[in-house]
**Q** 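The structure's right below; bear with me while I get my questions together.
Every chain is numbered from 1 and lettered A, B, ... according to where its sequence line falls, protein lines coming before strand lines. The basis for the numbers below is simple: all heavy atoms, side chains too, and nothing from hydrogens, waters or symmetry mates.
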Amino acid sequence: MPEIRVTPLGAGQDVGRSCILVSIAGKNVMLDCGMHMGFNDDRRFPDFSYITQNGRLTDFLDCVIISHFHLDHCGALPYFSEMVGYDGPIYMTHPTQAICPILLEDYRKIAVDKKGEANFFTSQMIKDCMKKVVAVHLHQTVQVDDELEIKAYYAGHVLGAAMFQIKVGSESVVYTGDYNMTPDRHLGAAWIDKCRPNLLITESTYATTIRDSKRCRERDFLKKVHETVERGGKVLIPVFALGRAQELCILLETFWERMNLKVPIYFSTGLTEKANHYYKLFITWTNQKIRKTFVQRNMFEFKHIKAFDRAFADNPGPMVVFATPGMLHAGQSLQIFRKWAGNEKNMVIMPGYCVQGTVGHKILSGQRKLEMEGRQLEVKMQVEYMSFSAHADAKGIMQLVGQAEPERVLLVHGEAKKMEFLRQKIEQEFRVSCYMPANGETVTLPTSPSIPVGISLGLLKREMAQGLLPEAKKPRLLHGTLIMKDSNFRLVSSEQALKELGLAEHQLRFTCRVHLQDARKEQETALRVYSHLKSTLKDHCVQHLPDGSVTVESILIQAAAHSEDPGTKVLLVSWTYQDEELGSFLTTLLKKGLPQAPS
Amino acid sequence: MFSSSTKACTDAEGRFFIDRPGTYFGPILDYLRSGQVPTQHIPEVYREAQFYEIQPLVKLLEDMPQIFGEQVARKQFLLRVPGYSENLELLLRLARAEAVALRYSSVVVCVVRTEEEAARCAQPLCSLEARKMPVVKFGPWKVGPEIKDLLYCVEMDIKAQGYQVSCGRYYLDHAFRAKQQQEEIATKKLRLTKPSKSAALHIDLCKATSPADALQYLLQFARKPVEAESVEGVVRILLEHYYKENDPSVRLKIASLLGLLSKTAGFSPDCIIDDAINILQNEKSHQVLAQLLDTLLAIGTKLPENQAIQTRLVDVACKHLTDTSHGVRNKCLQLLGNLGSLEKSITKDTEGLTARDVQKIIGDYFSDQDPRVRTAAIKAMLQLHERGLKLHQTIYNQACKLLSDDYEQVRSAAVQLIWVISQLYPESIVPIPSSNEEIRLVDDAFGKICHMVSDGSWVVRVQAAKLLGSMEQVSSHFLEQTLDKKLMSDLRRKRTAHERAKELYSSGEFSSGRKWGDDAPKEEIDTGAVNLIESGACGAFVHGLEDEMYEVRIAAVEALCMLAQSSPSFAEKCLDFLVDMFNDEIEEVRLQSIHTMRKISNNITLREDQLDTVLAVLEDSSRDIREALHELLCCTNVSTKEGIHLALVELLKNLTKYPTDRDSIWKCLKFLGSRHPTLVLPLVPELLSTHPFFDTAEPDMDDPAYIAVLVLIFNAAKTCPTMPALFSDHTFRHYAYLRDSLSHLVPALRLPGRKLVSPAVSPNITPHEDPSQQFLQQSLERVYSLQHLDPQGAQELLEFTIRDLQRLGELQSELAGVADFSAAYLRCQLLLIKALQEKLWNVAAPLYLKQSDLASAAAKQIMEETYKMEFMYSGVDNKQVVIIHHMRLQAKALQLIVTARTTRGVDPLFGMCEKFLQEVDFFQRCFIADLPHLQDSFVDKLLDLMPRLMTSKPAEVVKILQTMLRQSTFLHLPLPEQIHKASATIIEPAGESDNPLRFTSGLVVALDVDATLEHVQDPQNTVKIQVLYPDGQAQMIHPKPADFRNPGPGRHRLITQVYLSHTAWTEPCQVEVRLLLAYNSSARIPKSPWMESGEVSPQVETSIEGTIPFSKPVKVYIMPKPARR
């Protein structure tokens, strides 16, 4: 029995270190190779030893697919390819290929240079790893080998995020990665065609959330920023370098443009500049508005947003500053925060989630006095929270499932409790089975692979001629002989099959005697039978042959006098195996006797 | 023959010389030898026989049908038609006259048999003549000839004279057709044409050796149109080749050509139907089959009345529906949709066999395996609906299934079909699957279409969103669901931002801002009750408004607008969502949502927080957005006085940021004030900053912000009598000032202790007969009696009438157009009279060089005036144009005379004379229909003398012209119903600034120009901007078409930028900016009806282009600085 097996190594009933093993029709594919941001020990990376105990990974895996550049989807890649050892192809989209090494390098720096971790991958490893990457375009079908093919669909979420369809023969799996069903300021919404995969593996981060329209949030954000700069205050927006930062930049940039504002906006330098550069390059991956205006100018070619310099923080007058990192736990954003916190005219806007223990979390939970480097810091500035998230909410997930029409759904990248809710909903609404394996747990799905059979044109035409027009996409019954030769199948008509195989045709006939009480002559009896059948069987061809026998289609009925009883006539009914149904019907009909002939 | 000496002549040797060709002598010889009557070339032989006077043969031949019909009988019966030969002569002459310009001409021949018919025809004929169609009328006659025969004779006789003739039926106006039967009037249009195209095609096709060649010929042939008369011939040739052709591509082209040809106007394609159906049966190629069906469709649509043919075509279509090619099935369905019988009962009665239920047949193909065929089937169904066939409700279920089709075009068409059915059967009840409930069909359909708003294809989404707007019968419960989205977070119910805002507002904490976690979810929800899949209409608009594609968003906003207009409660609900759209990233969407809000503003009252969001958009840098918002504020209802205050503050902020919005903001405040007098009242002391005990400083009257405040207050005070009590002295003073200077913004107030400022503005009771209208008519009529006055009196009369009219125009704005127009005309006449009164005409030629200025100046001025009259007024029709052109012609004549007098030598005159005569000719050709109205006029006389003028010497011409100009009568100028003078006002630049606009010389500076245009036709092409520099240099700027906006009928607004540049000046100086109206005199000339494209170039020499300034110039102070080196 062919089957699809799915084993999450990470992200099974969990968020972080996404890594899913899929084997489909004998091909093994690894989807994503992420790391867990919450751990610093072995649990950081997926357990690759699970894949194969002995033997090389390269021999076992046919390919690795990376959905987007977030570290929880690609962070373990250099470790996997260079340290564990994998030499096969790694597929990702062009933007991911461009941005991924930057992020990996940045992460490596923090881990090795700052935290001083040993046994971590090196810069060279990142470079070597990226050499194994094959970049794909959207909607491009890539032939991994003769049988395995993959195809990328747009997923929104971040620049270059993609959903992948993995297809072997007639079996297919779609892996969504992270995606977003509502467009935002710089990216469009995820889209997939009705590809009807055998299995859809979808993220479920917001399985129990239905979100409000983005517009209110955006408006609030803009209004707050605007009000603050109007009264001369400074706005600090701590962000991570990639993803939401660009969305907020676009948002502010267009607002500044619209409202003709002159207040400076700064973006802290470093990583971001490089990232923005890639956003400029991959305009085709952004949303309609940005693509449209590209003719006049590149929206990421920010007019109002300039690079930040440390010294600017002390400048008088209003300004808006985007600074990294996002949780105010270190770096430039914290420095600026310390400078500005004392003034009630200023404002800090936290656009994302903050981990417990960070300054960001403290001020968000209302703490007004902070202990910092041994000094008291009173926070007088306004603190605002705005959530801008780019995952599909429950409705979005359902919408995607509806679009793709899969046979089964498998949930990953979410919390178990929330998944359970969504699983029920999916099973209830779409009547498809839905799975949510934990890490290391294997789900085996039987599939019914389709076997192509060649059909002879003659048979097809004959069948077409018999019935009405064939219904679209409906199965239909067809009679013929299946010939299997050299591992391919052919369906031909029985005559042809006999001829080809050099077989003689055998006929199987049934005969049955029916006794009738009839004193008249055989011919007359035959005539009566004929007229009776003629009137009863209107749809069939009933004939009275000159030799006195009656035929109904291929069934032959002969009347003979009973050897002993002259008052009884014997009807000999004979039919072939193919007409079994009609034949038995006729015998029962005749056994009931003939209607009294009108005298 | 030899008996008569006239024909026979002998030569020197006595031999007879017979001057005849020998070609047809053979048959005659044959006859003489054997008595054998010729069978071929009968007319020719007959002619020969007549010549040789062989009476027996002549008799025999005359009895033969050809000759009998042609010669004898025809002569007999033509004798009974009075004036036949004269009419024929006239016809030919008319045709010849026309054919000078073109290679062919057409003449309408009207044949009437009886007196009654003639009477009935009279009116249409007049109208034909009015349209400058040459018409020749035959009849009526007593007995004998039939109309058809007569027409045949006419045709034959013209052919006999060596012309090529083609005829077609000429249909009179619809109005007349309704009254009388067409066939009785039996007009026919004869056409003298060049050799038919069909022959050429035939030759080409025969020559073609390969299919590629044949295709080439056919392609070339298809490039040029075919006249209706020769279509049939062409069709025959094509069909002939079709039968012979083996190559399917050529057959395909022929088939498509047949379709093209059958669309030719005036050709009735019923004759080719048989052939087309015939070839259809034998055709093997699917592509050709499809094309042939297309051709049949073209034929079928051409003959909508012919029931039999339609049934036949439908049968053909049904037969081919089972074809294996999708293309053929497509076309069949299309044909069924377009021609499927409308009234089934009729077909049932007449032909029981073919009583097909077209709908059923089409419906079967909803499940075709090819998506293109499915789409075609749905489209065919929609087509049936468009043609007025009532669709069955049973289709609804089938259509619903198609909504989940894999192909977007199928879904898109299905959405449309569902919409159609929901409009047809809104009230029927349909069951909800998987439950026992039943709902109205329109609600069900609404839910289904709503669901399509989240379709995968944006084309379908746009379509669905658009259709939602037009579903008006939907229950309000379903309607309100579209804006409903239940939020949750971690399985807890969450309130939307809108709900929170509303709550905050109602709790009085509005604008206190929000705290961390105030959107934290509260109540836990039942997991089973959550619905993740949109059932029905739920949240459709929430999705639509958030869509990625702005096309979908715009469609959704439009739909919201339409639905909200019909349902006040829905309007209230959708407010929040519309307000959100004000911040869309695409300007079009923002603008659209603002307009939508304005349209539904009658139904809504803005809450303060909503107003706040709305007002935030006032800072938008796009002028369109701001002005749309001002308009919106004009018609919104505000609920509190804080709201008014907020609006005022924001508007004033807007004013300081964008001073150019001044007018728009004042207007906005005017309406805001008059709408909310009671809310403004408590704000007055604060706004005027009056103090109960102390006098405050008097505000600056030139401050636009202060004026804005006053406009608000005064408009509120109009309906709030207690308000003036709060005013301080200077407010009253300012009121008086503003009432004078900005009377359109400040209403008349009843102020205590003061007399009404303008009591005259009483309720304007317009009497039935407007006295000023009467006055206008009278004075104009008086002028037309001018003919009988002596020149001096005439001049005086004209002068004071012009003065009267001008004054009238100033007083009565609605009559200004008419008055100005007639005054301009009279002025022309006055100038003409004056010019003719000059003494110069009596003096010998060389003596009065200096005086002639006046006359030539007059001529020039008349020309200018006529151009103004022609192009600056809207509503001028043909009658006036003729008069204007006539006046211009007179001016040209005057010019010619003056030039003739002042120039020595004849040579330059030749050219001028010729040109003038050409113009006269042109005038005649253009306005031939109007000539009868110009009795006794200059042109009338001129045309009488035209033949003489053509041959005369210039000096003579001038002399004739001079006398004619003196004798010609003054033409009555008929006044059109509505006539408006085009006018323009430049709002921006205002020309008040003392600060010069400085820029570096050699570089450009952009100058914003904002102007309103009234009654300008086609401003995109005609309005130009002119910049005059002090050194006399003029620059003409053509504004972009997108710079024109159309805020109301007859009004346009031009907002554009003008780029100025100049070399350095030492002093700042003023440049003049003004608007010009460009015109092109050929534009107005009606095109000759028979003019074919590309054949005749319009007379270039008479198209004069020029410009008329029509706005007051505005001075702009500029200063180009020398560039720094």
**Q** Would you say that more than 12 heavy atoms from the other residues, nucleotides or ligands in this model lie under 6.0 Å from the CZ of Arg431(A), or not?
**A**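 Open: at most 12 neighbouring heavy atoms sit under 6.0 Å from CZ of Arg431(A).
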**Q** Between Gln288(A) and Tyr550(B), which heavy-atom pair has the shortest distance, and what is it?
**A**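 Where Gln288(A) meets Tyr550(B) most closely, the heavy atoms are OE1-N, 2.8 Å.
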**Q** Determine the minimum heavy-atom distance between Asp580(B) and Cys216(A), stating which atoms define it.
**A**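 Heavy-atom minimum between the residues: OD2-SG, 3.4 Å.
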**Q** For Asp547(B), is it the side chain, the backbone, both, or neither that has a heavy atom closer than 4.5 Å to a heavy atom of chain A?
**A**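 Backbone of Asp547(B) only, per the 4.5 Å heavy-atom cut-off to chain A.
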**Q** What are the two closest non-hydrogen atoms of Asp406(B) and Lys194(A), and how far apart are they?
**A**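 Taking every non-hydrogen atom into account, OD1-CD, 3.1 Å.
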**Q** Give the minimum heavy-atom separation between Lys289(A) and Glu585(B), together with the two atoms involved.
**A**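 Between these two residues, the closest heavy atoms are NZ-O, 3.0 Å.
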**Q** Using a cut-off of under 4.5 Å for heavy-atom pairs, which of Ile625(B), Asp576(B), Val617(B), Asp584(B) has the most such pairs with chain A?
**A**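 So the answer, after comparing Ile625(B), Asp576(B), Val617(B), Asp584(B), is Asp584(B).
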**Q** I need the residue from Glu218(A), Gln403(A), Lys292(A) with the largest number of non-hydrogen atom pairs under 4.5 Å to chain B.
**A**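 Between Glu218(A), Gln403(A), Lys292(A), the count favours Lys292(A).
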**Q** Out of curiosity, Leu261(A) CG to Ser621(B) OG, how far, rounded to the nearest 0.5 Å?
**A**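 The OG atom of Ser621(B) is 9.0 Å from CG of Leu261(A), to the nearest 0.5 Å.
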**Q** Is chain A contacted by the side chain of Phe582(B), its backbone, both, or neither, given a heavy-atom distance below 4.5 Å?
**A**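 It is the backbone, since no side chain atom gets that close.
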**Q** Tell me, yes or no, whether the heavy-atom count around Lys360(B) atom NZ, taken from other residues, nucleotides or ligands under 6.0 Å, exceeds 12.
**A**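 Not buried by this count: 12 neighbours or fewer within 6.0 Å.
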**Q** At a heavy-atom separation under 4.5 Å, does Thr324(B) approach chain A through its side chain, its backbone, both, or neither?
**A**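 Nothing of Thr324(B), per the 4.5 Å heavy-atom cut-off to chain A.
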**Q** Taking non-hydrogen atoms and a cut-off under 4.5 angstrom, which of residues 248-258 of chain A neighbour chain B?
**A**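 Residues in range: Glu257(A), Arg258(A).
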**Q** NE2 of His543(B) to NZ of Lys395(A): how many Å apart, nearest 0.5 Å?
**A**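 His543(B) atom NE2 to Lys395(A) atom NZ measures 5.5 Å (nearest 0.5 Å).
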**Q** Give the interface residues of residues 586-593 of chain B toward chain A, defined by a heavy-atom separation under 4.5 Å.
**A**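 So the qualifying residues are Ile586(B), Arg590(B).
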**Q** For the pair Glu548(B) (side chain) and Ala189(A) (backbone), establish whether a donor and an acceptor sit closer than 3.5 Å, ignoring hydrogens and angles.
**A**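 Between the backbone of Ala189(A) and the side chain of Glu548(B) there is a qualifying donor-acceptor contact (under 3.5 Å).
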**Q** Where is the tightest heavy-atom contact between Arg215(A) and Glu546(B), given as atom of each residue plus distance?
**A**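 Taking Arg215(A) first and Glu546(B) second, the nearest heavy atoms are NH2-CA, 4.1 Å.
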**Q** Name the region of Asn654(B), side chain, backbone, both or neither, that has any atom closer than 4.5 Å to a heavy atom of chain A.
**A**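 Answer is neither: Asn654(B) stays 4.5 Å or more from chain A.
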**Q** Can you name the nearest heavy-atom pair linking Val579(B) to Arg219(A), along with the distance?
**A**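 Result for this residue pair: CG1-NH1, 4.2 Å.
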